[in-house]
Amino acid sequence: MISENSSFPPHGESLTDLFSRSISYLRLSLTDRCNLRCMYCITEDESSGCLAKLGQEDLLTYEELLRVVRVAVAMGITKVRLTGGEPLVRRGVLGFIRDLMAIEGLDDVRLTTNGVLLAQHARELLAAGVSKVNISLDSLRSERVRAITGVDCFAAVWGAIETVLALGFASVKINVVAMRHINDDEILAFARMSQRLPLQVRFIEFMPIGASSRWNADTYISTDEIMERISTLGGLIPLQKGRNDGPAKVFRLEEDAVGSLGFISPLSHHFCSRCNRLRLTSAGTLRSCLLHDNEVDLRSVLRSQATDEAIRDALIEAIRNKPRGHQLDERLVRSGSDCHGRMSRIGG
């Protein structure tokens, strides 16, 4: 822990790590449970049923999460994203979101979801103030979605996309993990979506995350190759991003496209020097880098009759542990290993 002499930033002032990066973005993994079994997320142990999910007592309560966010916002956090697992499977999540939106100083709360339950909750989410959603969808073919996720869910996810667009959500982003020999033959079809629909299709490089062994060099496809393929449809016009937007480089396909394209390149063009995020896993640990296993046990702090200052100490410790970069390319060459956290707990 940080010493008692540590100084904390006044309300609303930015947090800065040891490499002068301003930390303003907190990702909350609400649960490690999910209603899908995606091939790149689930581990072999989870697939065989050998690895138990967290018990209810192991998850941070909504009251604990709200307390952490209040402290974090007072320290300078301005943006919160709710992830999982699948955040919408946790009981009482809409009430929690309404309480979260009531926190003074926090006006940017976003949701990442697989979309299966989104349509039925979309109107209430919008009423609560959540108008920005990222929806995971790796194929436009029903049978392929089932092969990737283990569930016949394409119709539900596509229906959710249509619903949030019809309701007028401010930002709808479709997250596509690009995988060679699995879905890379649909890259152009996804790109064409951005020409006719007011959303952003984001192509994400396949990363070796967690204990899953499904990543390999043959499956990986770089952003440069994806962009080269898409350029056959027309020119890519770079767009300016908003202050709270993520690491994607954003383009529009020619001038007549209704939507946009985003490219997230954690391996080929990593963005560590601009990383502004901190993660709170569903197990109650603070993780400053998705691809590093170094974590701070915040759950123990919260359950030891901690003061708000102790929570600030834990947040600052996690930020000071934030590495300069993930160095994943070197680690893969050196040992062939990846980070060992479970993606369902870290938060997608």
### Query
Out of curiosity, does L239 fall in the hydrophobic cluster containing L197 (side-chain heavy atoms, cut-off under 4.5 Å, transitive links)?
no
### Query
Shared ILVMFWY cluster between V172 and V258, side chains joined below 4.5 angstrom?
no
#### Entry: Full working for side-chain hydrogen bond (donor to acceptor under 3.5 Å, both in side chains) between T16 and R21
CA-CA 5 Å; T16 304; R21 292 171 297 198; over 6 Å; no
### Query
How long is the gap from CD1 on I230 to CZ on R192, to the nearest 0.5 Å?
10.5 Å
### Message
For G85, is there any backbone N or O sitting under 3.5 Å from a side-chain donor or acceptor partner on D32?
### Response
no
### Task
First locate atom CG of L82, then atom CG of L88, and finally report the distance between them rounded to the nearest 0.5 Å.
9.0 Å
### Query
Do D108 and Y25 have side-chain N/O donor and acceptor atoms under 3.5 Å apart?
no
### Message
Any side-chain to backbone donor/acceptor pair from N183 onto M179? Under 3.5 Å, distance only.
### Response
yes
### Message
What's the separation between atom CZ in R146 and atom CG in D152, rounded to the nearest 0.5 Å?
### Response
5.0 Å
### Query
Would a distance-only check, ignoring hydrogens and angles, find a side-chain to backbone donor-acceptor pair under 3.5 Å from R279 to T281?
no
### Identified side-chain contact (heavy atoms from CB on, under 4.5 Å) counterpart of V69 within the set D99, L28, L280
L28
### Message
Do L126 and L165 sit in one hydrophobic cluster, given that two such residues count as connected whenever their side-chain heavy atoms are within less than 4.5 Å of each other, even indirectly?
### Response
yes
### Task
Give a yes or no on whether M101 and V71 share a hydrophobic cluster (residues Ile, Leu, Val, Met, Phe, Trp, Tyr; joining criterion: side-chain heavy atoms under 4.5 Å apart).
yes
### Message
Between Y220 and R180, do the side chains contain a donor N or O and an acceptor N or O under 3.5 Å apart?
### Response
no
### Message
Whether the S268 and S222 side chains hold a donor-acceptor pair (N or O, under 3.5 Å, no angle test) is what I'd like checked.
### Response
no
#### Entry: Cluster check F190, V145: I/L/V/M/F/W/Y, side chain < 4.5 angstrom
yes
### From OG (S171) to CG (N134), nearest 0.5 Å
6.5 Å
### Task
Ignoring hydrogens and angles, state whether a donor on the side chain of E86 or T113 is under 3.5 Å from an acceptor on the partner side chain.
yes
### Task
Answer yes or no: is there a donor N or O on one side and an acceptor on the other, between the side chain of S231 and the main chain of G235, under 3.5 Å?
no
### Query
Do D184 and R229 sit within salt-bridge range, that is, some charged N less than 4.0 Å from a carboxylate O?
yes
### Task
Drop me the distance from R299's CZ to L59's CG, to the nearest 0.5 angstrom.
8.5 Å
### Task
Answer yes or no: is there an ion pair linking R303 with E64, defined by an N-O contact shorter than 4.0 Å?
yes
### Task
To the nearest 0.5 Å, tell me how far S194 OG sits from L199 CG.
7.5 Å
#### Entry: Check ion pair R144-D185 (N to O, under 4.0 angstrom)
yes
### Task
Give a yes or no on whether a salt bridge exists between D308 and R67, defined as a side-chain N under 4.0 angstrom from a carboxylate O.
yes
### Query
Can the positive tip of R90 be found less than 6.0 Å from the middle of the six-membered ring of Y62, inside 45° of the ring normal?
yes
### Message
Check for me whether K249 meets the cation-pi criterion with F263, that is, NZ or CZ under 6.0 Å from the six-membered ring centre and within 45 degrees of the ring axis.
### Response
no
### Query
Among I319, L278, N294, D17, whose side-chain contact (heavy atoms from CB on, under 4.5 Å) with S288 holds?
L278
